[in-house]
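Basis for what follows: all heavy atoms, side chains included, without hydrogens, waters or symmetry-related copies. Residue numbers begin at 1 in each chain, while the letters A, B, ... track the order of the sequences.
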There are 2 protein chains.
Amino acid sequence: MASIHDVARVAGVSISTVSYALSGKRSIAESTRLRINNAVEQLGYRPNAGARMLAGTRTNIFALTAPFHAETYAPAHMAFVLAVAQAARAHDYDVLLLTQDEATSGLRRVASSRLVDGIIVLDVAAEDDRVGVIRELGTPAVFIGIPRDTEGLVCVDLDFEAAAALAISRLTDAGHRSIGLIGHSPGVYARGSNFPPRFRDGFFSAAAAEGVATAFAMPERDGPSVRAALDELYRTLPGMTALVLHCEETVQAAVMDILRERGLRVPQDLSVISACASFETDHFEPALDTIPLVAADSCTRAVELAIEQVAVPIAPRVELVPPRFLERGSIAPPTPRR
Amino acid sequence: MASIHDVARVAGVSISTVSYALSGKRSIAESTRLRINNAVEQLGYRPNAGARMLAGTRTNIFALTAPFHAETYAPAHMAFVLAVAQAARAHDYDVLLLTQDEATSGLRRVASSRLVDGIIVLDVAAEDDRVGVIRELGTPAVFIGIPRDTEGLVCVDLDFEAAAALAISRLTDAGHRSIGLIGHSPGVYARGSNFPPRFRDGFFSAAAAEGVATAFAMPERDGPSVRAALDELYRTLPGMTALVLHCEETVQAAVMDILRERGLRVPQDLSVISACASFETDHFEPALDTIPLVAADSCTRAVELAIEQVAVPIAPRVELVPPRFLERGSIAPPTPRR
DNA sequence: CTGAAAGCGCTTACAG
DNA sequence: CTGAAAGCGCTTACAG
């Protein structure tokens with residue numbers, strides 16, 4: 001395996017010139033740069049990662065801590081993991097995957113061995129063990145999600161409260177006054193990530209501010225449970241004319257199936273918004289107005305903030321990414337239930 | 001950050017003694033070991049990862065290349081990624097996640113910069129670009145899945161042919177002679193991983209060997225498509241008394257819903273086996289006999305083989321993990337369709 | 001615009 | 001059972 005010495009010899013320069021030519025950290029005569037590039041090409045030279053880590057000030061690796069538990073919705077989880085990895089690569093960073101059973105000890109390990117320059121924290125719970133460890137380590141870190149106590153932390157997340165308010169305002173603009181919400185399963189609210197409660201609370205407070213009547217159900221992901229949830233919504237809110245879906249794809253598909261089965265047309269009989277789901281809603285029949293949960297939005301920003309922190313400490317903050325809205329024609333003025 | 005020199009000073013020994021005490025590569029007097037451990041504890045010492053990589057012969061990092069495309073079923077994908085990460089950690093290895101858009105160039109990059117000791121390849125396609133790169137690099141690598149040309153490669157996978165044959169034999173043992181198969185969507189067979197075709201082919205050849213009549217459908221993941229698939233099976237095979245499910249959870253759930261809806265009881269009216277799915281089938285009603293796709297089985301073995309290869313070249317091979325069978329009571333003798 | 005050299009923090013023959 | 005020292009392959013002041 002060719003080393004920097006080989007390149008220097010072939011190019012007829014010193015190793016420091018090779019290093020600077022490759023890093024671009026000082027200006028190099030065009031002819032020299034050319035000779036070096038040729039030598040690199042010819043030898044298939046790649047700087048040794050370990051040597052770079054040791055001599056340089058950084059490793060160009062971020063740890064990604066993305067715990068996966070029973071309540072985790074795999075497609076969304078995967079989307080975020082990939083979005084982080086891609087954003088990192090765009091800045092020449094690699095991603096080291098830390099697993100659930102090593103959540104806090106893994107953070108300590110990779111940070112104090114200087115394996116990584118920083119940490120990206122996914123699937124943040126309100127009370128999250130990783131918060132304390134990261135405060136203590138002082139390693140650059142960015143949370144994608146918002147723990148209860150954000151003191152000293154850098155956090156990025158979709159603005160779920162605003163997303164819920166946006167759903168409400170789109171529906172009230174169309175004239176709806178009775179709006180149902182299908183959320184995640186109770187387990188998710190009990191022990192899962194912190195965003196479902198934030199969406200739910202934003203939903204209720206925006207609805208309250210508008211004087212809108214609401215109902216809320218948390219089905220499991222099986223057909224009968226979804227059926228029961230819809231029944232519950234119509235029982236609680238007999239005049240329900242609009243529905244906000246903030247749930248997994250399986251559940252959303254089941255809802256649409258059941259509506260169709262019951263002869264309820266969207267949007268004529270029921271207006272529907274798909275909110276904060278990480279999947280495409282184009283294939284639903286009919287297509288749904290969507291407030292998408294775009295993993296790339298928050299992950300890209302999180303990686304940027306991590307990169308900044310590697311260079312220089314930055315002020316703690318909570319950055320909320322504003323929601324988007326995709327109109328697809330699933331909202332209409334309300335009509336009384338047939 | 002404490003270095004090995006600090007530990008040596010505090011313990012009153014040389015740095016080589018510290019190094020050997022920590023690696024266990026030569027015997028150390030008990031009293032010396034104790035002093036070193038105390039010093040390590042007291043200073044919170046962690047060996048610098050970059051220095052280890054540079055001085056040592058290995059990095060203790062594996063690259064995990066796990067492309068994610070439109071046809072990927074996220075829960076299974078995630079299960080394999082996590083199983084690899086956990087198996088790796090059990091051998092003190094970390095996992096670096098390589099993304100789709102960097103599939104081959106990423107492999108070159110991490111291998112030739114000596115960032116990783118080896119490569120674990122997930123979601124292997126029959127014709128896979130990564131095969132050529134890995135042959136050329138000569139880096140230790142293990143494929144979880146089987147490409148068409150396995151020349152020179154180390155591959156591990158569940159024995160999908162045997163799994164399909166097991167499903168057939170369980171059903172024929174119970175007396176079934178007309179067996180349907182619900183597979184993945186056509187897109188998966190067209191461009192996805194190579195295991196769905198292997199299961200399908202194993203199904204057909206085992207059925208042929210037993211003289212069993214078969215039918216096969218490949219629904220998309222929406223309700224109407226699954227409904228149509230079941231109709232197709234019953235049309236092609238009017239006497240169908242048993243069904244093998246080799247599909248995503250969404251589709252499997254839809255199948256069970258539709259059967260229930262149509263008043264078809266399992267196993268009285270239809271025997272059902274859930275085969276090679278990565279999810280739990282306990283929550284299905286009724287519980288299903290299952291041939292599980294246990295990610296840990298192949299991933300653990302793959303990591304072992306990777307570890308071996310880091311130490312010493314091993315012979316190319318294709319290792320097939322035999323399928324398991326979980327009996328839950330969803331197979332009964334056939335009765336003619338009502 | 002370029003070079004000689006120190007140093008990053010380990011591992012591992014070599015020596016006793 | 002232990003130590004002194006070379007060396008891994010870079011980066012980066014320091015110097016010109």
Okay, side chain of [X], backbone of [Y]: is any donor-acceptor separation there less than 3.5 Å?
{"X": "A:Asp123", "Y": "A:Ala66", "answer": "no"}
{"X": "A:Thr59", "Y": "A:Leu115", "answer": "yes"}
{"X": "A:Asp128", "Y": "A:Ala125", "answer": "yes"}
{"X": "B:Arg114", "Y": "A:Asn48", "answer": "no"}
{"X": "B:His69", "Y": "B:Gln100", "answer": "no"}

Which pairs pass salt bridge (charged side-chain N to carboxylate O under 4.0 Å, His left out) with one or both residues in residues 296-310 of chain A, sequence neighbours excluded?
A:Asp297-A:Arg324, A:Arg301-A:Glu304, A:Arg301-A:Glu319

Sugar-phosphate atoms are those with a prime plus P, OP1 and OP2; base atoms are the rest. Using that split, label each nucleotide of nucleotides 10-16 of chain C B, S or - for protein heavy atoms under 4.0 Å, 5' to 3'.
BBBBB--

Check ion pair B:Asp94-A:Arg109 (N to O, under 4.0 angstrom)
yes

Check ion pair B:Glu151-B:Arg135 (N to O, under 4.0 angstrom)
no

Any stems for DNA chain C, made of 3 or more Watson-Crick or G-U pairs in a row, each with both distances under 3.5 Å?
C:1-3 with D:14-16, C:5-12 with D:5-12, C:14-16 with D:1-3

List the residues meeting side chain to side chain donor-acceptor pair (under 3.5 Å) with B:Asn60, not counting sequence neighbours, and say none if there are none.
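Result, side chain to side chain donor-acceptor pair (under 3.5 Å) vs B:Asn60: none returned.
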
Using the ring pair (Phe, Tyr, Trp, His ring centres under 6.0 Å) criterion, which residues pair with B:Phe160? Sequence neighbours excluded.
B:Phe195

Residues in contact with DNA chain D, drawn from residues 28-38 of chain B - heavy-atom cutoff 4.0 Å
B:Ile28, B:Ala29, B:Thr32

